[in-house]
Amino acid sequence: MSGMIVEIPWGMEKEVYTTTFGDREPILGQWGMTPDGRLFRWAFSGGAIPAGQGVQSALAVADDDMDLAVAAAAAVGAQTVSITAVGTVTVNFYRDGYLYVNDGAGEGHNYCIKSHPVRTGAGTLVLTLHENVREALATATSLVGLVRNRFMDVVTYPGTTGITGTFLGVCPTEVTDNDYFWVQQLGPCAWLADATQAAVRGDGVEPSQETDGGYDLHDVSGETDQPPAGYLGAVAAVAGDYGFVDLTALK
C-alpha cells in the first residue's frame with residue numbers, strides 16, 4: 001500500500017482494522033481515494049468515534065514540543081538522532097511524527113520519525129528516521145522538538161469543550177478505540193448538524209463549537225477563527241440530523 005495515493009475500492013473506506021499490515025501498512029496520514037474521487041487519510045483512533053462526526057488530532061505534548069538538546073552529534077547522512085528528552089513515552093509514541101530543528105545547527109529542517117523505543121523518565125531517546133539527516137546536528141547548539149503525527153490517536157472533535165487540536169475531517173463509519181481507519185477530507189459525506197446550525201444549501205460550514213463532532217455555519221461576521229471545512233450540498237439539515245456536506249478540508 002505504497003505510493004502517493006492509495007486506491008480504495010468501493011465500500012473499503014468504511015472498513016476498520018485492529019492490527020497493522022506489516023510492510024504493507026500505509027504511513028499515518030497517507031492519502032486514499034475512492035473511485036468517485038473522495039479523498040481520505042489513514043488514521044489511528046484514540047477513542048470511539050461515531051459515523052458522520054468530525055475528527056480532531058490528539059493533544060500536543062508540551063514537554064517535547066521544542067528546545068530539546070541533541071545528545072550526540074548527528075552527521076549528514078545519519079538515520080538516527082539521539083536527543084535529551086523529558087517525560088515518559090511508550091514505544092513508537094512519535095511514529096510517523098516529526099523531529100524538527102527549532103534552533104542552532106541544522107535549524108529549519110524537519111524529519112519524519114520511523115520508530116523509537118520506550119522512554120521512562122528523562123534521558124536519552126534514540127529516534128530512527130524515515131530519511132537521512134541533511135545538515136549536521138551538534139550537541140552544543142542544535143535544539144529540536146517532537147511533534148506527533150496528526151493522525152495518531154485521533155478523537156471526536158470536542159465542540160462542547162472548545163478547540164484542543166486540528167480538525168482533520170469526518171469519520172465515514174463507526175470506530176472504536178485503537179482502530180486503524182480512513183478519515184474523509186474531500187468530497188460528499190454525511191455530517192452531524194449542530195443543534196443550533198442555521199446553514200442553508202451552498203453555505204460554508206465549519207466544525208461546531210457547541211455540538212461534539214458536528215458542523216455549524218461558517219459565519220465570518222461572527223469573527224470565526226476557523227476556515228470553512230466544506231459546503232452544505234443539499235437541503236438544510238434539521239438540527240441534530242445529518243447533513244449532506246461537500247468537504248474541502250484538505251489538511
Side-chain angles (χ1 to χ4, degrees), residues 1-18 20-21 24-58 96 149-159 165-176 178-194 197 199-208 211-218 226-238 240-251:
M1 300 180 74
S2 61
M4 293 297 292
I5 297 180
V6 173
E7 294 181 3
I8 306 175
W10 291 113
M12 291 298 289
E13 76 279 6
K14 299 179 180 67
E15 296 294 329
V16 297
Y17 306 89
T18 57
T20 63
F21 305 112
R24 297 185 297 113
E25 178 72 15
I27 288 179
L28 290 170
Q30 167 77 57
W31 289 103
M33 179 184 288
T34 50
D36 60 343
R38 287 173 292 155
L39 283 174
F40 299 78
R41 304 290 288 273
W42 189 243
F44 185 75
S45 62
I49 306 171
Q53 296 199 17
V55 173
Q56 176 197 268
S57 60
D96 297 339
N149 187 291
R150 292 176 299 154
F151 296 92
M152 172 65 84
D153 287 337
V154 302
V155 295
T156 301
Y157 193 89
T166 303
F167 174 73
L168 298 176
V170 174
C171 188
T173 190
E174 291 78 10
V175 170
T176 59
N178 296 326
D179 281 341
Y180 290 92
F181 70 106
W182 292 105
V183 175
Q184 186 174 350
Q185 290 199 331
L186 181 71
C189 74
W191 190 359
L192 176 65
D194 183 276
Q197 65 88 24
V200 298
R201 185 178 183 184
D203 278 346
V205 297
E206 65 179 44
S208 170
T211 299
D212 290 348
Y215 74 81
D216 203 350
L217 174 68
H218 178 66
Q226 300 184 85
Y231 299 88
L232 197 59
V235 296
V238 176
D241 282 359
Y242 288 74
F244 187 73
V245 175
D246 191 0
L247 288 174
T248 59
L250 297 179
K251 297 181 180 296

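Quick caveat, the model's predicted, so the values are computed rather than measured.
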List the residues meeting side chain to side chain contact (heavy atoms under 4.5 Å, CB included) with [X], not counting sequence neighbours, and say none if there are none.
| X | result |
| --- | --- |
| Met33 | Ile5, Leu39 |
| Thr34 | Ile8, Glu13, Asp36, Arg38, Phe40 |
| Glu15 | Met12, Tyr17 |
| Ala58 | Arg148, Asp153 |

Mind checking what makes side chain to side chain donor-acceptor pair (under 3.5 Å) contact with [X], not counting sequence neighbours?
| X | value |
| --- | --- |
| Asp194 | Thr196, Ser208, Thr211 |
| Tyr157 | Gln226 |
| Ser45 | none |

Heavy-atom pair with the smallest gap, counting every atom of Lys14 and Thr173: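 For Lys14 and Thr173, the tightest heavy-atom pair comes out as O-CG2, 3.2 Å.
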Taking every non-hydrogen atom, the tightest pair across Gly29 and Phe151: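 In terms of heavy atoms, the two residues are closest at CA-CD1, 3.5 Å.
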Chi angles and distances behind the side-chain contact (heavy atoms from CB on, under 4.5 Å) call for Val245, Val205: CA-CA 8 Å; Val245 175; Val205 297; 3.8 Å; yes
Could you measure the distance from the [atom1] atom of [X] to the [atom2] atom of [Y]? Nearest 0.5 Å is fine.
| X | Y | atom1 | atom2 | value |
| --- | --- | --- | --- | --- |
| Glu206 | Phe167 | CD | CZ | 10.0 Å |
| Met152 | Asp96 | CE | CG | 7.0 Å |
| Asp246 | Leu186 | CG | CG | 7.0 Å |

Steps toward side-chain contact (heavy atoms from CB on, under 4.5 Å) verdict (Thr166, Leu168): CA-CA 6 Å; Thr166 303; Leu168 298 176; 4.3 Å; yes
Stepwise side-chain contact (heavy atoms from CB on, under 4.5 Å) test for Cys171 and Phe181: CA-CA 9 Å; Cys171 188; Phe181 70 106; 3.8 Å; yes
NZ or CZ of Arg41 within 45° of Trp31 ring axis and under 6.0 Å: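 Yes, a cation-pi geometry.
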With Phe44 via ring-ring contact (aromatic ring centres under 6.0 Å, His included) - residues at least two apart: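 Partners of Phe44 under the ring-ring contact (aromatic ring centres under 6.0 Å, His included) test: Tyr180.
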Non-hydrogen side-chain atoms of Tyr215 and Pro207 separated by less than 4.5 Å: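 They are not in contact (no side-chain heavy atoms under 4.5 Å apart), so the answer is no.
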4.5 Å side-chain heavy-atom contact, Leu247 and Trp191: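 Of all side-chain heavy-atom pairs linking Trp191 with Leu247, at least one is under 4.5 Å.
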Side chain Trp42, main chain Val183, donor-acceptor under 3.5 Å: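 Not confirmed, Trp42 side chain does not pair with Val183 backbone.
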Side chain Asn149, main chain Leu28, donor-acceptor under 3.5 Å: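 Yes.
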Salt bridge (Lys or Arg N to Asp or Glu O under 4.0 Å) involving Asp179 - partner list, sequence neighbours excluded: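 If we apply the salt bridge (Lys or Arg N to Asp or Glu O under 4.0 Å) test to Asp179, skipping adjacent residues, there are no hits.
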Over 12 foreign heavy atoms within 6.0 Å of OH, Tyr231: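 Counting neighbours around OH of Tyr231, 12 or fewer heavy atoms of other residues, nucleotides or ligands fall under 6.0 Å, so no.
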Worked verdict on Asn178 versus Thr18 for side-chain contact (heavy atoms from CB on, under 4.5 Å): CA-CA 7 Å; Asn178 296 326; Thr18 57; over 6 Å; no
For a quick test of your reading: what N or O donor-acceptor pairs under 3.5 Å do the side chains of residues 49-56 make, sequence neighbours left out?
residue : atom : partner : partner atom : Å
Gln56   : OE1  : Thr164  : N            : 3.3
Gln56   : OE1  : Thr164  : OG1          : 3.2
Gln56   : OE1  : Gly165  : N            : 3.2
Gln56   : NE2  : Thr164  : OG1          : 3.0

